[in-house]
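Okay, so here's the structure we're looking at.
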Protein chains: 4
Amino acid sequence: MNIPSGMSPRASKRRDIERAALALFGTRGFHGTSMPDLAEEAGVGPGTIYRHFESKEALVNEMYQHWKAKMASEVYANLPVDVPWRERFRALWRGLFQFDADHHGAIDFLDLQFHSDYLDASSRALEQQSATLLFTMITMAQAEQIVVDLPPPAVVALVYSSFVGLVRAQREGYLTLDDALIDAAEERVWAMIRR
Amino acid sequence: MNIPSGMSPRASKRRDIERAALALFGTRGFHGTSMPDLAEEAGVGPGTIYRHFESKEALVNEMYQHWKAKMASEVYANLPVDVPWRERFRALWRGLFQFDADHHGAIDFLDLQFHSDYLDASSRALEQQSATLLFTMITMAQAEQIVVDLPPPAVVALVYSSFVGLVRAQREGYLTLDDALIDAAEERVWAMIRR
Amino acid sequence: MNIPSGMSPRASKRRDIERAALALFGTRGFHGTSMPDLAEEAGVGPGTIYRHFESKEALVNEMYQHWKAKMASEVYANLPVDVPWRERFRALWRGLFQFDADHHGAIDFLDLQFHSDYLDASSRALEQQSATLLFTMITMAQAEQIVVDLPPPAVVALVYSSFVGLVRAQREGYLTLDDALIDAAEERVWAMIRR
Amino acid sequence: MNIPSGMSPRASKRRDIERAALALFGTRGFHGTSMPDLAEEAGVGPGTIYRHFESKEALVNEMYQHWKAKMASEVYANLPVDVPWRERFRALWRGLFQFDADHHGAIDFLDLQFHSDYLDASSRALEQQSATLLFTMITMAQAEQIVVDLPPPAVVALVYSSFVGLVRAQREGYLTLDDALIDAAEERVWAMIRR
DNA sequence: CATGAATGAGTTTTCATTCAT
DNA sequence: TATGAATGAAAACTCATTCAT
């Protein structure tokens with residue numbers, strides 16, 4: 001068997017399951033993905049999934065929280081401070097696309113499970129937390145007269161959904177998101193929200 | 001029973017089913033909605049659905065095509081011609097939100113079923129058609145140097161996902177989309193895509 | 001299809017399921033009986049059971065309560081009053097065996113599910129009620145110096161388990177419980193508990 | 001680890017498994033007890049059970065035969081000979097309760113597995129043997145006009161089920177079986193079966 | 001035409017058993 | 001020898017669909 005170095009076989013199977021779940025939940029959705037399908041995609045028996053996750057719901061929630069947290073730590077937590085807002089925005093925008101490139105399917109997964117009724121309190125709390133962080137950032141930039149004076153949730157919606165829109169368009173084959181396009185889009189999105 | 005005037009009881013039941021399907025498919029998704037649930041929401045027996053639609057897939061496809069077509073005819077087909085692009089864009093933007101206001105849940109429904117594997121060739125063709133129409137519009141505006149020189153699918157993605165993002169934000173309770181906000185957003189989105 | 005007269009086909013299926021459940025739960029036990037087996041024994045599809053009973057646990061609890069109540073009404077409620085205790089006891093004893101003869105398998109069923117952890121509060125309450133009724137009866141007879149002065153639960157255990165023991169012995173093929181044997185046993189059991 | 005003196009670690013684990021099996025099979029039943037649960041209760045890994053017993057069925061059968069045999073040797077084989085029947089009965093009765101006190105749960109276990117379809121030929125043979133021994137004893141006493149003239153299986157059923165009934169009543173918390181109660185019950189049960 | 005009870009294939013989940021460590 | 005992760009067959013249960021009424 002081919003086990004990634006430095007990983008126990010058990011942990012490796014868990015990874016396989018998580019990988020399969022990210023791919024299938026992110027394309028077919030939670031209810032559109034059956035556990036046998038998931039097992040086959042992961043290359044394990046159906047019973048094996050239940051040695052790693054309590055239930056299908058527990059699996060999707062653990063995944064959701066994992067990726068929400070990863071996004072927070074890889075994108076939001078690493079934004080430069082003490083630089084002009086313009087530059088912070090560029091770092092945010094590039095961070096988002098970098099995250100998408102580094103973790104294929106994660107954005108699709110998060111977007112598709114967004115606000116589904118099988119998400120538990122923990123997942124919703126993380127969701128809230130991310131949103132609040134972005135609202136706060138916008139509010140600060142507005143206080144400095146840098147960003148347009150729309151309700152912060154509106155600004156966040158405009159920016160974030162633009163990002164997701166481009167990622168989706170690429171997934172559907174309408175686009176290729178290279179650095180040039182990402183930067184060009186960044187300029188335009190900034191134009192949308194700057195004062 | 002209360003039957004809308006000018007509508008046969010049969011047609012009225014079909015409406016009830018369509019209404020229920022729009023609401024449930026648009027919130028819980030296709031696989032997350034069961035036919036018995038749909039029937040109950042519509043106030044009909046489960047068997048009745050099958051007198052109007054061949055199958056669950058046929059139902060969602062008919063719905064998808066219905067609303068895609070309705071959107072094309074109510075929003076895209078009524079855009080003013082022989083007016084400046086700026087004004088056409090404003091009409092488009094307002095038309096989108098008007099459509100959302102007139103047909104509660106329709107945007108959520110279309111967005112959630114987007115590019116799902118249970119959509120058939122017909123649905124995909126309509127999807128294509130709508131997209132192509134928008135791409136063409138953008139291409140024309142770019143030829144006149146009005147709109148920024150990004151790939152048309154990117155421009156469409158930016159605009160349309162901004163619209164959907166605002167609608168979603170309202171659904172989640174983060175926003176109220178009144179005319180003032182819609183117009184303010186319009187200005188900013190136009191700022192994003194104008195040359 | 002052969003439907004008992006005066007019974008809707010729906011009610012008839014429910015009867016079939018109840019009959020099958022009494023037989024299988026009473027011989028193989030709750031956990032030893034699978035829903036597909038139950039369905040086959042009842043001559044219905046597995047899904048049909050769930051249109052009549054919420055779950056396997058709900059089924060066994062409804063059955064338990066049904067038969068406990070039936071036993072109370074057919075055996076305990078019809079005991080003669082204003083007759084000597086000797087006669088009441090004979091009526092009780094004969095009533096128990098009559099119940100067993102009338103409702104084949106019911107005693108085995110009740111005995112096998114007795115105090116199982118899948119019985120719910122309602123079932124346990126009925127159990128309690130039956131027990132209390134018997135304890136009270138014994139206490140009264142003791143007050144009149146008719147019955148031996150053991151703790152009432154002990155007296156009830158001796159009598160009731162003697163009854164069940166005979167029924168079991170018949171089921172295993174060791175005995176045939178005809179009237180003569182039942183009456184002879186009654187005399188001996190009375191000898192056991194009389195003062 | 002705490003290993004009983006004079007016992008190999010292997011034998012000690014086997015004891016742990018047997019102890020766990022007695023407790024769980026005797027309360028939840030054979031089908032209601034899972035091998036992982038059994039392993040946890042025994043404090044061993046699930047795989048370990050299979051180094052000692054071929055299968056779950058083999059385990060329950062070995063247990064059944066073990067306890068049936070133990071009961072025969074500890075209770076039936078030690079009955080005094082050349083003493084009046086009255087005294088032999090007292091010894092039997094006390095022996096039964098002594099056995100229950102010495103081997104907590106064994107009576108519940110034997111009673112619950114009684115005549116289950118997973119018991120094999122060996123187990124059934126031992127069952128038969130025990131029964132026959134008791135039938136013979138009763139027949140002899142009847143020949144001496146000591147015991148009432150019911151079919152021997154009926155007499156055995158009355159006595160043995162009275163014993164089990166008292167043990168059950170204690171398990172359910174209705175009674176405490178102290179020596180006084182046991183002796184008082186013995187007197188009454190003897191009154192039931194004596195000529 | 002509308003209904004809803006019935007169905008059985010398919011779902012999520014459990015568990016007796018195996019086997020690499 | 002003991003382990004416990006992995007397995008897949010089978011369990012409880014759901015649901016799209018049918019059809020007798």
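Convention: sequence-line order gives letters A, B, ...; per-chain numbering from 1.
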Side chain to side chain contact (heavy atoms under 4.5 Å, CB included) between Met71(C) and Ile107(C), intermediate numbers included: CA-CA 9 Å; Met71(C) 197 161 171; Ile107(C) 293 299; 3.9 Å; yes
Nucleotide of dA6(E), dA2(E), dA2(F) approaching Lys13(B) most closely (side-chain heavy atoms):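 Nearest to the side chain of Lys13(B) among the choices is dA2(E).
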Ser34(D) side chain, from C-beta outward: closest of dC13(F), dC15(E), dT17(F):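 Per side-chain heavy atoms of Ser34(D), the pick is dC15(E).
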Looking for any heavy atom pair under 4.0 Å, which part of the strands does [X] touch: base, sugar-phosphate only, or nothing?
X: His52(B); result: sugar-phosphate
X: Pro36(A); result: base
X: Thr48(D); result: base

Distance in angstrom units between [X] [atom1] and [N] [atom2], rounded:
X: Ile49(C); N: dC15(F); atom1: CD1; atom2: P; value: 17 Å
X: Arg51(D); N: dA20(E); atom1: CZ; atom2: P; value: 13 Å
X: Arg14(A); N: dA6(F); atom1: CZ; atom2: P; value: 11 Å
X: Phe53(C); N: dT14(F); atom1: CZ; atom2: P; value: 15 Å
X: Met35(B); N: dG8(E); atom1: CE; atom2: C1'; value: 17 Å
X: Leu59(C); N: dC13(F); atom1: CG; atom2: P; value: 10 Å
X: Leu38(A); N: dG8(F); atom1: CG; atom2: P; value: 16 Å
X: Ile17(C); N: dA12(F); atom1: CD1; atom2: C1'; value: 15 Å

Base partner of dC15(F), which must satisfy Watson-Crick or wobble distances under 3.5 Å: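 Pair assignment: dC15(F) / dG8(E).
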Pair assignment for dA2(E), Watson-Crick or G-U wobble, requiring both distances under 3.5 Å: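 Because both required distances fall under 3.5 Å, dA2(E) counts as paired with dT21(F).
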Tyr50(A) side chain near dT13(E) phosphate (N/O to OP1/OP2, under 4.0 Å):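 The answer is yes; a side-chain N or O of Tyr50(A) sits under 4.0 Å from OP1 or OP2.
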Nearest-nucleotide comparison on DNA chain F, the residue closer to the 5′ end among His31(B) and Gly47(A):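 Upstream on the strand: Gly47(A).
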Most 5' of Phe30(A) and Asp37(D) on DNA chain E, judged by nearest nucleotide: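 Its nearest nucleotide being more 5', the pick is Phe30(A).
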More than 12 heavy atoms from other groups under 6.0 Å of NE2 on His115(B):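 It does: His115(B) NE2 has more than 12 such atoms within range.
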More than 12 heavy atoms of other groups within 6.0 Å of His66(D) NE2: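 Count over threshold, so yes.
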Salt bridge (charged side-chain N to carboxylate O under 4.0 Å, His left out) contacts touching residues 106-128 of chain C (sequence neighbours left out):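 For residues 106-128 of chain C, and leaving out neighbouring residues, the salt bridge (charged side-chain N to carboxylate O under 4.0 Å, His left out) pairs sorted by first residue read Lys68(C)-Glu127(C), Asp108(C)-Arg171(C), Asp111(C)-Arg168(C), Asp111(C)-Arg168(D).
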Sub-6.0 Å ring centroid separation between Tyr118(C) and His31(C):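 Ring centroids of Tyr118(C) and His31(C) are less than 6.0 Å from each other.
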